[in-house]
2 protein chains.
Amino acid sequence: MLVPAMFQNLIGYHLRVAQEMSFQAFARAAGKADLKPGWYSLLTVLADRESMTPSELSRICGRDRSTLTSSLKALSHRGLIERRANPDDQRSYSVRLTENGRKMQERLHAIAVVYDRHLDEIAGKDKAVLIAVLGRIAATFGTPQHLEDAVSPLRDLPQ
Amino acid sequence: MLVPAMFQNLIGYHLRVAQEMSFQAFARAAGKADLKPGWYSLLTVLADRESMTPSELSRICGRDRSTLTSSLKALSHRGLIERRANPDDQRSYSVRLTENGRKMQERLHAIAVVYDRHLDEIAGKDKAVLIAVLGRIAATFGTPQHLEDAVSPLRDLPQ
DNA sequence: GCAATATAGTTTGATGTCAAATTTATATTC
DNA sequence: GAATATAAATTTGACATCAAACTATATTGC
């Protein structure tokens, strides 16, 4: 694989390439199963909660609220989520997974796990070091609010 | 930083978060200097070459050729690159940096290098291992043999 | 109690991306 | 040498995304 000489020593370059390549592999696999990779984070966050409002989901997934409008419409139209009016606030509504939505989340997660096994094999004995360094990078460059928030709902998941 | 339990053993998760954090830091810094991070990869690749065609640039930067059309128009309009007709092939033309383009590339590169120094410090003695593993990931997922799809564009810098 | 302000969600507009179709030019084949 | 195929760049269409404007409802402050 050809790497421009001037990038050879830049960690940021390798980080970006590796991330994009592995994500694209996941996206292609999901696409073949007619699954949108963009759904993965939404469904996975929802899978751990009774229900959430679009705004909460937006903060946790790190995407603008306006972006979720069409995603939620698509997910709802496909019967993967359902909306429920909030009796206390007529502006708002809550979203929760349907049974099909849960199955879809599991399918996507299964695909993600398969790709992560590839990553495990590639990393080999360096896996612990890799995860440690990546963790330090994430911590150093600051944790955006959306990821900070994302932690709380998922923190206590059964292993 | 807290990591959701269901993700804490997934390399892909740490890879994505680390990449997202460091790229956003770079993008914010570039944005403050009124620079489009999307220009960085194009200008940097061009900075290393006499000239290139849009197709070569597209392959090296891993973006679809059609995507480059508007970018090159913007860069050209700003006087950062110039186009030259190819006398041997009237369909094609070459692109090269202007003096201003080189200055702009240097400004962006300086910002990128600052962030990569942070990454160096964070990686410390693990830098070589990190780059090696990231390289293997890119090579594996960017190589068609591992996936039926023959999609293996070369990715490049944060943009 | 009502006007001002804030909030939830959507709509709109701009940008960046890919894929497919198009156009024009070059190569290949018969 | 004409027909066909390939190639370079662009155009078009479909999305995803963010930010700003907008609508409808809630909350706050006076």
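Below, chains carry the letters A, B, ... as their sequence lines are ordered, and counting in each starts from 1.
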**Prompt:** So, the side chain of B:T98 versus the backbone of B:G79: is there a donor-acceptor pair under 3.5 Å, distance only?
**Reply:** yes
**Message:** Without decimals, in angstroms, what is the distance between A:L72 CG and C:dA8 P?
**Reply:** 15 Å
**Item:** Where B:I111 and B:A30 come nearest, the two heavy atoms and their spacing
**Value:** CD1-CA, 3.9 Å
**Item:** Near-strand residues of residues 80-95 of chain A, defined as heavy-atom separation under 4.0 angstrom from DNA chain D
**Value:** A:D89, A:Q90, A:R91
**Message:** Under a 3.5 Å threshold, yes or no: a donor from one side chain and an acceptor from the other, between A:R63 and A:S41?
**Reply:** yes
**Prompt:** Do B:L57 and B:L72 come within less than 4.5 Å of each other through their side chains, counting heavy atoms only?
**Reply:** yes
**Prompt:** Starting at CD of B:E56 and ending at P of D:dA8, how long is that distance when rounded to a whole Å?
**Reply:** 9 Å
**Item:** Nearest atoms (heavy-atom pairs only) where B:A85 meets B:Y93
**Value:** CA-CB, 4.2 Å
**Request:** Please confirm whether A:R16 makes a cation-pi placement over B:F23, using NZ or CZ under 6.0 Å from the six-membered ring centre and within 45° of the ring normal.
**Result:** yes
**Asked** In this structure, which one of A:L43, A:L68, A:V95 forms a side chain to side chain contact (heavy atoms under 4.5 Å, CB included) with A:L75?
**Response** A:L43
**Request:** Nearest whole angstrom, please: distance from the C1' of C:dC18 to the CG of B:L68.
**Result:** 13 Å
**Message:** Quick check: do A:D126 and B:L130 have side-chain heavy atoms less than 4.5 Å from each other?
**Reply:** no
**Per-nucleotide protein contact string for nucleotides 11-22 of chain D, where B marks a base within reach and S marks sugar-phosphate only (heavy atoms under 4.0 Å, - for neither)** = B-----SBBB--
